[in-house]
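Comments concern the structure below.
Since the structure is predicted, the reported quantities are computational estimates derived from the model, not experimental observations. Numbers here simply count residues along the sequence, with the first being 1.
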Amino acid sequence: MTEPLYAITPPNDARVFAGGVRVQIVRAGWFRPDAGGFFGVVPRPLWSRFAQTDERGRILCRLNLLLVDAGGKRILVETGTGVGMLDKDREIKGIEGGDPGEALRAVGEDPAEVDFVVVSHLHYDHAGGMVGADGRPAFPNARYVVQRDEAQAAHGDELRLAGIMERDQLDVIQAAGQLAEVHGDVELVEGVTVTRTGGHTRGSQAVLLGVADAPGEHGIFFGDLIPTRWQLPVRWTSAFDDYPIDAVEARQALVSRSAVRGWWCYFTHDPGELPIRIAATEKGFVVRAE
């Protein structure tokens, strides 16, 4: 890459939402998912207009985290891939970086000062950094926020989910007394609310940014319900979506709200400049020209 592996938007580029909710994007590295899996049933002639593959059929995606300051608390959204994966698996997945603690330290932030860690769901590229290389919680003073449905799915017996959720790391967090299971819509601090979306996984969650009734702008972080702006066609389901019909319905609802209300949108794997806003057109939802 031509830019630092770990980077953060400059402090003066942080966006402040209604009620003084301050949001910065932390760049925690890159990975290369298989394009066929990423775009699922969408024909290659459609998605190849936006994304190019390498010689192994993989596309280049970001590991975008959010650092949020609100209500006197510091909140990290997502943890990246972490560093616990075997080298051969990192090579297959094209992971570069991925350590959320290192990403924060590289820009002068202390992981010990994080109060909440919001994990959108328990796949490796979102929850793989919950635990550090020493086997202990990577954020020692934080409460890790996971939807109850997601935690239950990680410990369930569904064959499709076997080995693809970070159950062992979740158990470490729980044993340390740092797991905060939530159910549905929960306001962590004023202006930061997690909302269960389902669809991608049983307990996937998005994050709403900005005090609801306060004047000013608002934002949303979609998690893997909408991993990049390339998935704004809401019927573009991924092969990684466990509940594709639910995912389409949830995307339609949240993208519609985002377009109507002018919310600023953050995407967990988008390699482009963020955030963006969405416009509704006769042909569907598109990135709004600013």
Side-chain angles (χ1 to χ4, degrees), residues 4-29 62-84 97-122 125-147 151 166 169-182 186-194 205-211 214 219-221 223 264 266 268 274-275:
L5 188 59
Y6 296 117
I8 193 170
T9 51
N12 59 354
D13 285 351
R15 189 166 292 275
V16 179
F17 295 110
V21 176
R22 186 175 183 271
V23 179
Q24 288 181 283
I25 303 169
V26 178
R27 311 292 195 181
R62 282 275 197 183
L63 296 168
N64 292 323
L65 322 180
L66 296 188
L67 185 61
V68 183
D69 288 287
K73 301 295 184 181
R74 177 154 287 191
I75 301 159
L76 183 70
V77 181
E78 304 288 51
T79 72
T81 62
V83 295
D99 184 341
E102 186 64 25
L104 290 177
R105 284 189 290 269
V107 294
E109 301 289 344
D110 184 355
E113 294 181 357
V114 174
D115 298 293
F116 293 97
V117 175
V118 176
V119 181
S120 69
H121 62 293
L122 291 172
D125 49 325
H126 300 261
M130 293 192 297
V131 172
D134 60 0
R136 295 183 294 182
F139 303 93
N141 299 311
R143 299 281 284 169
Y144 288 70
V145 181
V146 177
Q147 287 285 329
E166 293 290 347
Q169 291 203 31
L170 186 68
D171 289 344
V172 170
I173 300 303
Q174 186 169 33
Q178 292 180 236
L179 180 62
E181 289 186 14
V182 297
V186 176
E187 187 175 56
L188 303 181
V189 299
E190 189 175 28
V192 181
T193 296
V194 295
Q205 60 185 350
V207 183
L208 306 180
L209 303 161
V211 176
I220 183 170
F221 179 88
W264 289 96
Y266 294 89
T268 185
L274 295 171

Given side chains that start at C-beta, do those of [X] and [Y] come closer than 4.5 Å, heavy atoms only?
X	Y	answer
V192	V21	yes
I25	L65	no
L209	I220	no
V114	L104	yes
T193	V207	no
V118	L76	no
H126	T79	no

Where is the tightest heavy-atom contact between [X] and [Y], given as atom of each residue plus distance?
X	Y	result
D125	T81	CA-CG2, 3.8 Å
G19	V211	CA-CG2, 3.6 Å
T268	E78	OG1-OE2, 3.7 Å
G128	Q169	O-NE2, 2.7 Å
E187	G191	OE2-N, 3.3 Å

Practice task
Tell me, please, which residues at least two apart from E102 pass salt bridge (Lys or Arg N to Asp or Glu O under 4.0 Å).
Solution key: R105
Exercise for the section: Decide yes or no on side chain to side chain contact (heavy atoms under 4.5 Å, CB included) for V189 and F116, but give the supporting numbers first. Expected result: CA-CA 10 Å; V189 299; F116 293 97; 4.1 Å; yes
Exercise for the section: Report the distance from atom CG of L67 to atom CD of E113, rounding to the nearest 0.5 Å. Expected result: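 One finds 10.0 Å between CG of L67 and CD of E113.
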Handout entry: Mutual orientation of the aromatic rings belonging to Y266 and F17 [parallel < 30°, tilted 30-60°, perpendicular > 60°]
Key = perpendicular
With a cut-off of 3.5 Å and sequence neighbours excluded, list every side-chain donor-acceptor pair involving residues 135-147.
{"residue": "R136", "atom": "NE", "partner": "D134", "partner atom": "OD2", "Å": "3.1"}
{"residue": "R136", "atom": "NH2", "partner": "D134", "partner atom": "OD2", "Å": "3.1"}
{"residue": "N141", "atom": "ND2", "partner": "A112", "partner atom": "O", "Å": "2.9"}
{"residue": "R143", "atom": "NH1", "partner": "G177", "partner atom": "O", "Å": "3.0"}
{"residue": "Y144", "atom": "OH", "partner": "M130", "partner atom": "O", "Å": "2.8"}
{"residue": "Y144", "atom": "OH", "partner": "A138", "partner atom": "N", "Å": "3.3"}
{"residue": "Y144", "atom": "OH", "partner": "F139", "partner atom": "N", "Å": "3.1"}
{"residue": "Q147", "atom": "OE1", "partner": "G184", "partner atom": "N", "Å": "2.9"}
{"residue": "Q147", "atom": "NE2", "partner": "G184", "partner atom": "O", "Å": "2.9"}
{"residue": "Q147", "atom": "NE2", "partner": "Q205", "partner atom": "OE1", "Å": "3.0"}

Practice task
Considering only NZ, NE, NH1 and NH2 on the basic side and carboxylate oxygens on the acidic side, decide whether R74 and D115 come within less than 4.0 Å.
Solution key: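 Looking at R74 and D115, the cut-off is not met.
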Exercise for the section: Look at atom CD of E190 and say whether more than 12 heavy atoms of other residues, nucleotides or ligands are closer to it than 6.0 Å. Expected result: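 Check fails, neighbour count at 12 or below.
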